[in-house]
Amino acid sequence: AQDVQEITFINCGDELTAGYAEYFAEWEAENPGFKVAPEVVGWGQCQDKVTTLAAAGTPVALAYVGSRTLKQFAMNDLIVPVPMTDEEKAEYYNYVPDTVTFDGTQWGVPVAFSTKALYWNKDLFEEAGLDPETPPKTWEEKIAFAKQITENTDAAGYGLVAKTFDNTMHQFLHWVYTNNGSVIDAEGNITLNSPQVLAALEALKEITPYSEEGPTAYEQNEVRAIWLDGGVAMIEASPGAAILAEEAGMNWGVADLPLGPDAQGPGTLLITDALAVFKGSGVEEQAISLAKYITSGERQWAAEMAQGLTPLRPLEPQTSELVAEKPYWQPFLDGIEFGGPEPLFTDYIGLQNVMIEMVQSVVTGQAEPQEALERAAGELEQYK
Amino acid sequence: MSQLSLKHLEKSFNEARIIKGIDLEVAEGEFVVFVGPSGCGKSTLLRMIAGLEDVTAGEIEIGGRVVNELPPVQRGIAMVFQSYALYPHMTVYENIAFPLRVEKLPQAEVDQRVQAAAKVLQLESRLQHRPGQLSGGQRQRVAIGRAIVRQPKIFLFDEPLSNLDAALRSEMRIELMELHKRLGSTMIYVTHDQIEAMTMADKIVVLNAGEISQVGSPLELYHKPDNLFVAGFIGSPKMNFISGKVRSADGTTAVIDVGSLGTLSLPRSSTEIAGRDVTIGIRPEHLALGSGEFTLEVTPRIVEELGIHTVTYSDLPAGENFLGLFEGGPEITEGTPISVGFNRAQVHLFDHRGQAVY
Amino acid sequence: MSQLSLKHLEKSFNEARIIKGIDLEVAEGEFVVFVGPSGCGKSTLLRMIAGLEDVTAGEIEIGGRVVNELPPVQRGIAMVFQSYALYPHMTVYENIAFPLRVEKLPQAEVDQRVQAAAKVLQLESRLQHRPGQLSGGQRQRVAIGRAIVRQPKIFLFDEPLSNLDAALRSEMRIELMELHKRLGSTMIYVTHDQIEAMTMADKIVVLNAGEISQVGSPLELYHKPDNLFVAGFIGSPKMNFISGKVRSADGTTAVIDVGSLGTLSLPRSSTEIAGRDVTIGIRPEHLALGSGEFTLEVTPRIVEELGIHTVTYSDLPAGENFLGLFEGGPEITEGTPISVGFNRAQVHLFDHRGQAVY
Amino acid sequence: MTSTRNATLFAIALLAPAVLYILTIVAYPLVDTIILSFTNASLRPDHDFIGWANYERIFGAGNFTEVIIRTFVWTFFSVSMKMVIGMFGAVLLNAAIPGQAVFRILTMPPWIVPMAIGIFMWGWMYNGQFGMISGLLQNFGIISKPWPILAYGDSAFWATIVTDVWIGVPMVTIYFLAAMQSIPRDLHEAAWADGAGRFYRFRRITLPLMVPAIITMSLLSLIATFNSFDIIWILTQGGPSGQTTTMIIDTYKTAIGSRKYGEGAARAVVISLFVTAFCIVYFRAVRRLSQGEAK
Amino acid sequence: MIDRYKWYEVAGLYAGIAVFLFFVLAPFIEGFLVSLKPLSQLFSTPYSFIPKNGSFDAYITMWTSVPALGLHIFNSFFISTVVTLIVVAIVVPAAYAFARFSFSGSGLLLGMFLAVNMFSGAVLLIPLFRLMRTLGLLNTYWAMIVPGAAFLIPSSIWLLRTYMMRIPRELDEAAWVDGASRFYTLRRVILPLAMPGIVVVAIMTFIGAYAQQFIFALTFNSKTEFMPLPIGLFAFFGKQEVIWNELMAASFVGILPVLIVIVFLQRYLVAGLTAGAIKQ
Ligand SMILES: Nc1ncnc2c1ncn2[C@@H]1O[C@H](COP(=O)(O)OP(=O)(O)OP(=O)(O)O)[C@@H](O)[C@H]1O
Ligand SMILES: Nc1ncnc2c1ncn2[C@@H]1O[C@H](COP(=O)(O)OP(=O)(O)OP(=O)(O)O)[C@@H](O)[C@H]1O
Ligand SMILES: [Mg+2]
Ligand SMILES: [Mg+2]
C-alpha cells in the first residue's frame, strides 16, 4: 500500500469550520501522499488539549490557537515560524500581522479576527431624554450619557465588564486603544504606566456608578444579555451582538468606540486566532502549506462570513458589498486603523491576572487609579 | 383495681398470628412471671406492653388508661432487653446512667444511683469498660443496671439472668426480690428458669403458642395444673405422664386402667370421663423408693447423681419415659430394677383434651 | 493418652491477664464442663481452644500435636458461640447447612443432615426463616444445629442452652448427651447451669478468675470440694458457711468453736489448724427438720415454696445467711423458729486459706 | 485469629490487585510529578534540575499565606456544611414515612450531573439580573435592586462554598443514610423505652455510632474540597480581586495556566502535604472528641 | 411503634425534606426552566419562576445540534459500567483485608492509598499521558477506563472498609471454625452482608465515572465515537454562543440512565445490616 502521511489538525469549535472539508479535499488532491486528519474540539478545552499534546511530546501538526499564546509556544521551541512575505502582510488589515509577530517573525497564520464596537439601545436613549440617533463620540459623552440614562430610567447607562475572566482585560484594552495607550512596546518595555492609560482607568472609575450593579460579576456575554434585555444602554461587543439584537427585535445602533482625549482616530482591540504549526510532527512543511491554503483570501472570507467574524483582509469588492448589505459592519472595520493587538507576553495568564486585578481594584473602589496602575506596571515585568 | 390489664391482646407479624388474644390483670406491686416454651411469644408480649410493638388488636391499660398509642416512657415502664441492647460506644457507667441523663438528673445524684446499682450488680470494677470488653454475664448485668436506676412503676425483664452462673443468679434473684419489696413496683418477668419462676412470682403466667395456658400462684401451678401443658411445663424434672382409660367414674371415684401397670382408683367427682382415654401424671419427686399406696417396679436406664438428689430414667412397658427423683444419693444402679411407690393424693388426672380433672 | 491438653495456658488482653496458666488434660470422648463465675474466662478459654484467640503463653495440644498455630478446622473442632453468630442473611436452613456447604457435600446429603438436625432441635417449621425473625431460644438452637451437622472430634459449646426453657432445656440436654454417646466425640461445654454441669459432665472444671479451682467428677466436687470457692459455687442453693475457731486438733478430732452455736467436734487428722480461724460448711439440703447430731434453732426470714421442696432463709446470730432446703412443703412459716439438725459426716471444714481439711 | 503468617499472606493476596493497579497507574506518574517538582519543566521538551527553587518561589510569593488561610477557611466551612446538611438529609430520609424511596432518588441529581453543568446552573442562580435567587428575592420585595452575588468578595466566597456543598451533599447524605440504617434497632428501642426523645437519641446514640462514617466522609470531603477546582474556576476564576482564590486556583493560575510544570508539580506536592497534615490533625481531633463523648 | 410520628412531626419531616430537596433541586429547576425557554428569551427580566412561553423544542433540536449525543450517553454508560466492575472487583478484597487483618504496615498502606487521592488528576496529566501512550491505550475506551478506575479505587477502599468493620467479627469466626476458607467466608458471609456498602460504593464509582471524569476523556481520547457525555455536552458551547437551552435539556436527558439504575439499586441502599446476627 501507498504510504499516506497524516496531517493532524485540531479545529476548535463544535464542528469543522464551514468549507474546510472541501478545502482539505482540494489540498489533498494537490498534495498526494498526505491526508488531513481533523479533530474538532470544543472551544472550552481546545487550547488546553493542544498544549497538553505538545507538552507530552505528541504534538498535532496544525492547530487553532489564540495568537496571544504564540510567544509562549515559540519561546518553548514548540512551534515553527511561518514567515510572511511583505506581500502577504500587505493583504491583511493593518496590525493583523502584528498579532502573530514576535522577534521579527511570524509564528502563525491568522485565521480568525475579532473587533469590537459600541452598541446602544435607542429606546433607552430616548427614554432618558437623549437623541436616540446620536451615540457618544468621546469618553466624556459616554460618561455623561451613562449618567443621564442611569438617573432617568430603570436601566443602567453602561455595561461594564469586570469579572475575573479574560474579557475584562480585553474590554479595558478598548479604553487603552481609544486613547493611544499601550501595554508593552516593540522593544519589550512595559508602557502601561502612562498618562493615556491612567486616563483610561480614571474614566473607568467615573463610569462605574452608571454601570449595572456589581460589574465584577459579569463577563461580556452576560453584559450583552443584560443589554439585550434592556438592562443597560451601551455595551462594547463584537458583530455577533448585532444578530442577537435583530432577533430580539430591539431598537439599536452600533458605532465606533468613543474616543479618549489623546486619541488619534478610531481604535479597538484586535484579537486574532492563528493556525500554529507544531514542531516534531514530521509534516511541518505540508502543515504550513495547508494552513496558508485554507486561509487564502477567498476561502478565508467565506469562512469568516459563515461565522460572523471580522474579515482579516480588506478584500474587495466583498468588503464594500458587506458594508452595503449590513451597514452595522462599518464600525468594526473603522476601529482597525488605530487599534492594538493583544499584548504578547511569555506568560499570558500572568498578564491577564494583573490586568484584571487592576481593573477590579478600581471598579470596586479598593484602589485609586494611579496606585493600581503603578502596582500593575511593576508586576507585569515578570511576565514579559 | 389492677394496674395493668391486657384485653384480648393480639399480635400478628405479617400473616403469622403470634399472640392470639391474651387477657390478663396485673395488680399494683405484683410480681408476675411469664413462662412458656421458646418462641411462644413471651418477648413479643413484653415488647407490646413496653410499647415497642404495635398492637394488632385488643387493648393495653395501665392505671385504667388505654395506652395502646402511648410511647414507652409515658407508660412508666423500664425494660431489660433479652438482647441487652447496650450502647457499644458508652462505658458501663454511661450505659447505666443513660436513663438518668435523659431525665437530666444532677451529676451527684446520677453518680450515687449508678454506684449503688453497680454495687448490687457487682460491676464496680467494670464501670469504665465498654460493653465489647465484657463477658456475657457482665453485659446482662449492665442491662439490668440500666433498668433499676430508674424507678418506674412497671419493670419489664426479658430473661435478665439467663447468662449468670447459679451463685450469682441466686444472689441477683434475691436482689431483684428485695428491689421489688423496696420499690413496690410492679414487675413483669420473663424467664425459663423454674426456680426463678417459682421463687419470685406472685403470679405465674404460662404461655403456650401465643395463648395463656394458666395463670396462678407458683404452688397452684405446681399442685393444681389446669392442663397437661402446664403440668408438663412446670416442675423439673418434668412430670411423668402415663396414658390410661377410665373404666368407671361414678362421681366419687374414677377407676382407671393404666395398661400393664394395673388399675388405679382416684377420688374424682367427674362422670364425664367414664370410658374415655385419660392421662395420669406423677411428679418424679413424688415417687419414693420402696412402696406407697401404689407401687411399681422400674429398671433405671440412666441414673443421674446430682448430689442433692438423684434422678433415674426408666421406660414403662408401654414405652413412656418414667423419671424418678430421690433425695440425696441412694444406692441405685443403672439396669437394676427398683421399686417405687406413690400416693393417690399426688396423682394428677387429665381428660382426653388434656384438661385436668379434680 | 489425652486428646486435648492445655499446658500453662495464658491469655492477656493488653495488660489484663485473663487466663493465668491453665493446665488440663481431656481424654478422648470425655464430656468436660467448664463452670465458673461470670467473667472468669470461660469463653476466652474456649475461644483459645477453638483457635479464635491467640495464645499469649503456653501450649494447646490436640492428639499429641501442638496446635497453637493451626486454624480451627485443622484442629477438628466445632463451636457454638455464646452470641450465636448466625449469618443474618441466610435462612435457618442455610445457616445450619453452612459447614456442609463448605465441605461441598452433595445436596441430598446436606438436606438429610440438616433435616435431621432440625428435627432434633424442633426447628423444622422455621427452616425458611431468617435469624432476625426468630426468638432468642430459636436462634440458639440454630447455632447448635450448625455445630452438630458436622461431626468433629471436639465440640465446644459456650452456654448453648442458656436461652431455653426448662422443658426444652432438659430435652436438649438429653439430646446432647445422646449425641455425645453416639458420636463419641469429646465435648467441652461451658455452662452456668448446675443441673447441666452435674448431669452432663464426666469432669467438671471449676474456673475462678482465670485459674482452675478444682477438676473432678460432679459428685467429687459436690461431696469433696477442695476449697471454699468450689464449695460455694457447686450446689444450689449455696452451701452455708459459718466461721469458727479451732480449739484443739489432736490429729484425730478437731474441736471447733462456732461462736454462739456452740462447739463442734469433727474427725480430722490435720493438726496444723489448731488455734486457727476456720470456716465450716453445711449444704442446705443436708439439714433436716427436727434434730440431728448437731441441732440449732433458726428463725426463717423468707420461706420459698418451690413445690418440689422448700427453701428457708434465716440469719445466724453472727449475721451469716443460713439456708435450709427441705423436701416437699413442710409447715414452716416466716418468723416462727424451727429446729434443724445435721450430721457430722456432712460438715465441710476449710482452713484459714480456704482449703478443705478432711 | 491464629496463624498470623497465613492471615498476612491472605491479606497481601487480597490487596495485591489494588496495590498493583495503583502502583502502575497512579504511583508512577506521582513519582514523576515529584521529580518534576525539582525541575524547571515547562512547555519546552527538555528541562533541568533546579533543586528547591520552585518551592522557594512558592513560599516567597507575597500572597501565599493569605491564600492558605483562605483555603482553610473555605475548606472548613464547606466540609462542615456538607457534614451538617448531609446528616440533616440522612435523618430526614431515614424517617419511616411514605415517599422515602422517591425522595432518596431525588437527592442524587447534583451528584450525577456532570460537575460543570451543575456549576453552570448555579451560575444562573447567582446571576443578579436573571437568576433565581436575586429574582425571587426581588419578586418577594426583599431586595429592591438586582443582587449579583458573585460580584462581591464576601457573597462570592459563600456562593462558591454553597455550590461545593451542593455537589458534595448527595454522596454524604446517602453514605450517612446507609450508616444510620446499620445501627441496631434495639439500641434505639432501649433508649426510647428509657424516655429518650428523637433528638436525644440522635445525639447520644446515632451520632456517636456514626463517628466512623463521619470521619470517613469528612476525610474524603476534605480531600475533594481542598482540591476543588471547577467550581471556583467556572463561577469566579478566583475573583473578584482574588477573594475566592484558593490554593488550587492559585496554583492553576500561576503555574498550570502558564504551563510551568515544574512549579505546578511543586505546588501539587505542597498542597498534598498540607492536606495530609490537615487530615492527620483532623483525624486525631475527631478521635479524641469521639472518645471524650463516650466518657 | 418507635417509628410512629405525631402529625406535627410528620409535617415537620415533610417540611424538612421539602427544604432539603429544594436546596438540592433548585439549580435543576433553574436549569429546567432554561431548557424550556427559547434561546432568544433566555435572559429576560423581571424574573418569573414559571416560564412564559416555554416549550420542549430544545429536547428535540438538541439531537440535531449534537448528533452524537445518544452515542455519548451510551459511551458514558459503557465506560462507567466497566469502571465500576473493575473498581468493585479490586476494592472488595482490599477493603476486606483492611477491615479484618491488622498486619504490620496496614495503616501505612491505607494512608498511602488515601494520599493518592490528594493529587488531583490535573497535575498528573502529563506523566499519565506518557504512560497511556506507552501502554498503547490512547484513543480507546481503555484510555478513559483505566485511569478513571485508578482514581476511584482509593476512596472506595476507605469507604467499604469502614462499612465492613461494622460486620460482627464473630460471623467470620464462626465461618472460620466451620472450616470455611477465608475466601469462602468473604464470598458467602462478608459479601452479602456488605452488600449495602458495596452498592453505595458501586453507585459512587459509577457516578464518578459517568459524570465527573472529564479530563481523561478529553486528553487521552480523540475519537468522537468514544467520547463520553461530559465531553459531548461541551459541544453545545460555541465560540460566541452557548446553546443554553439545549445544553440543559441534554444534561437532563443524560442523567436519566443513571437515575434509572439508581431506582433499581435503591432498595439495597436501605437493607438493614446485621439484624438478628448476635445478641449484643
Ligand atoms: N419480626 C418478626 N417477624 C416474624 N416473626 C417473628 C418476628 N419476631 C418474632 N417472630 C416470631 O414470633 C414468635 C415469638 O417470638 P418471641 O421472641 O416473642 O418468643 P419468646 O417467647 O420470647 O422465645 P424465647 O424464649 O426463645 O426468647 C417466634 O416464633 C418468632 O419466630
Ligand atoms: N477483648 C477484650 N478486651 C479486654 N477484656 C476482655 C476482652 N474479652 C474479654 N475480656 C475480659 O475477660 C474476662 C473473661 O471474659 P469471658 O468472656 O471469657 O468470660 P466468661 O467466663 O465467658 O463469662 P460469662 O459467663 O459471663 O460469659 C472478662 O472480665 C472480660 O471483661
Ligand atoms: Mg424471648
Ligand atoms: Mg462467656
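Order of the sequence lines sets the chain letters (A, B, ...), proteins ahead of strands, with each chain counted from 1.
The shortest non-hydrogen separation linking C:Glu285 to B:Glu327 is O-OE2, 4.5 Å.
For chain B, the nearby part of C:Leu325 is the side chain; its heavy atoms alone come within less than 4.5 Å. At a 4.5 Å heavy-atom cutoff, the contact between C:Glu305 and chain B is made by backbone and side-chain atoms alike. The contact between B:Leu219 and chain C is made entirely by side chain atoms (from C-beta outward), counting heavy-atom distances below 4.5 Å. Heavy atoms closer than 4.5 Å to chain C are found nowhere in B:Ser43, neither backbone nor side chain.
Note that the NZ atom of C:Lys181 and the CD1 atom of B:Ile302 stand 4.5 Å from one another [nearest 0.5 Å]. The structure places CZ of B:Arg141 at 4.0 Å from OG of C:Ser38, a figure rounded to the nearest 0.5 Å. One distance of note links OG of C:Ser236 with CD1 of B:Ile195; it measures 5.0 Å at 0.5 Å rounding. Separating the CD atom in C:Glu304 from the CE atom in B:Met177 is a distance of 5.0 Å, to the nearest 0.5 Å. From B:Asn14, atom CG reaches atom CD of C:Gln133 across 7.5 Å, with rounding to the nearest 0.5 Å. To the nearest 0.5 Å, the span separating CD1 on B:Ile174 from OH on C:Tyr313 amounts to 4.0 Å.
For the set B:Gln194, B:Glu159, B:Lys42, the count of heavy-atom pairs under 4.5 angstrom toward chain C peaks at B:Glu159. Per-residue heavy-atom pair counts under 4.5 Å with chain C were compared for B:Gly232, B:Pro284, B:Gly307, and the maximum is reached by B:Gly307. In terms of non-hydrogen atom pairs under 4.5 Å with chain C, the most contact-rich of B:Pro237, B:Pro37, B:Pro218 is B:Pro37.
When atom types are taken as modelled, the side chain of C:Tyr222 and the backbone of B:Ile308 share a donor-acceptor pair closer than 3.5 angstrom.
Summarising the local packing, NZ of C:Lys203 is surrounded by more than 12 heavy atoms from other residues, nucleotides or ligands at distances under 6.0 Å.
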